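Contents: one structure, followed by commentary.
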Amino acid sequence: MSSNFLDYLKIFCKSGDGGSGKIHFVKNRRSKRSLPDGGNGGNGGNIIIKGNKRLKSLNTLKHNIAETGAIGGYNCKNGSNGKDFLIEVPLGTTIKDINNNILLNIHKHKKPKVLFKGGKGGKGNSYSHFRSSLDLKGSPGKSNWLILELIIYAEVGIIGFPNSGKSTLISKLAALKPEINDYPFTTTLPNLGIVKYNKWYTFIILEFPGLVKGSNIGKGLGIKFLKHTKYNKVILIILSVESHNLLQEYNIIIKEFKNYDNSLLLKQKIILISKADILSFKKIILHKFPTQEKTFFLSFFKPKEIKNIKQVLYNHLKLKS
């Protein structure tokens with residue numbers, strides 16, 4: 001995922017103003033009278049919003065102002081309507097007003113919705129012989145500051161502490177090339193990938209930035225991204241055998257789930273113990289972990305084990321679909 005990843009943005013949007021109506025008279029040769037032939041102004045452009053499943057971040061968005069309607073012309077010719085302004089956002093985007101009232105939730109691909117309707121064009125004098133009854137000036141468009149919040153749609157989430165092997169795991173499962181180093185916080189933003197299980201089935205996987213170990217409670221980068229677990233059907237909790245206390249790390253993560261949103265405890269969780277090729281006491285570790293959650297030992301040097309994880313995830317996701 002791009003280093004410009006944004007999941008929260010505040011932008012200003014304004015639909016187009018209606019164009020003014022025209023006052024114009026043309027002489028009638030037969031009656032020697034002047035007849036009104038001013039056209040109506042064009043309507044202002046709308047602000048339209050549409051979901052795009054190919055977008056994964058809000059970083060391409062900016063302030064948006066739709067085009068104003070054109071002024072009415074001679075010969076009863078109406079002014080052209082202003083061009084609509086189309087905003088494309090990732091699926092899972094919520095649009096709110098400045099007071100955090102929800103205006104729209106975008107979940108469908110390529111289904112446009114009018115966010116702000118453009119102003120109506122003013123009336124030209126061909127519409128009425130009486131100038132006093134004319135509404136020449138077009139009505140203004142609607143404008144407001146908007147808050148956009150993105151919840152990433154991913155069936156599987158990967159969470160763990162720094163250097164636990166999260167980036168290596170997503171690189172193996174989704175053929176990604178995230179930055180992988182031996183120092184903490186290589187991943188400071190979510191990584192998103194598509195896992196291909198077979199010719200017909202794919203699923204989206206999300207790597208959260210690492211948590212920080214504190215006084216028995218997780219802190220740091222990963223916490224603020226926990227909102228993206230909303231669509232996770234399975235959460236992979238990855239722990240490294242190089243940790244001094246695997247069970248303590250597991251309990252810290254579970255505590256963070258509980259503090260953030262108690263419903264996270266109900267999601268399907270799978271424990272992965274990474275770098276297991278250097279481990280010689282697997283049975284002791286398994287005895288300590290909760291029996292209700294499946295635990296797997298994982299070596300990144302064994303493609304068979306990566307294939308097995310894909311199979312396990314596929315089985316869980318198919319049951320929930």
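All figures in this text were calculated on a predicted structure; none of them were measured in a lab. Computed over heavy atoms, backbone and side chain alike; hydrogens, waters and symmetry mates excluded.
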Is the closest side-chain donor-acceptor distance between [X] and [Y] under 3.5 Å?
X	Y	result
N315	Q311	yes
E207	S167	yes
T94	N105	yes

Output yes when a side-chain donor or acceptor of K62 lies under 3.5 Å from a complementary backbone atom of N59, and no otherwise.
->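 No; zero donor-acceptor contacts below 3.5 Å.
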Quick check: does any side chain N or O of D97 sit under 3.5 Å from a backbone N or O of N100, one acting as donor and the other as acceptor?
->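 The answer is yes, because a donor-acceptor pair under 3.5 Å joins these two groups.
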Heavy-atom distance under 4.5 Å between the side chains of [X] and [Y], does that happen here?
X	Y	answer
S34	V26	no
V234	K269	no
K307	Y197	no

Gap separating the [atom1] atom of [X] from the [atom2] atom of [Y], nearest 0.5 angstrom:
X	Y	atom1	atom2	result
L236	L272	CG	CG	5.0 Å
D37	K77	CG	NZ	12.5 Å
N245	I252	CG	CD1	8.5 Å
I205	L313	CD1	CG	6.0 Å
F25	R33	CZ	CZ	10.5 Å
S240	L246	OG	CG	7.5 Å

More than 12 heavy atoms of other residues, nucleotides or ligands under 6.0 Å from [atom1] of [X]: yes or no?
X	atom1	answer
K96	NZ	yes
K120	NZ	no
I48	CD1	yes
K117	NZ	no
Y74	OH	no

Could [X] and [Y] be called an ion pair, given the rule that one side-chain N must be under 4.0 Å from one carboxylate O?
X	Y	answer
E155	K233	no
D7	K227	yes
K14	D17	yes

Begin from the C-alpha positions of Y153 and L206 and carry the test side chain to side chain contact (heavy atoms under 4.5 Å, CB included) through to its verdict.
-> CA-CA 9 Å; Y153 180 88; L206 174 69; over 6 Å; no
Could you tell me whether Y201 and Y314 have their ring centroids closer than 6.0 angstrom?
->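 Ring centres of Y314 and Y201 closer than 6.0 Å.
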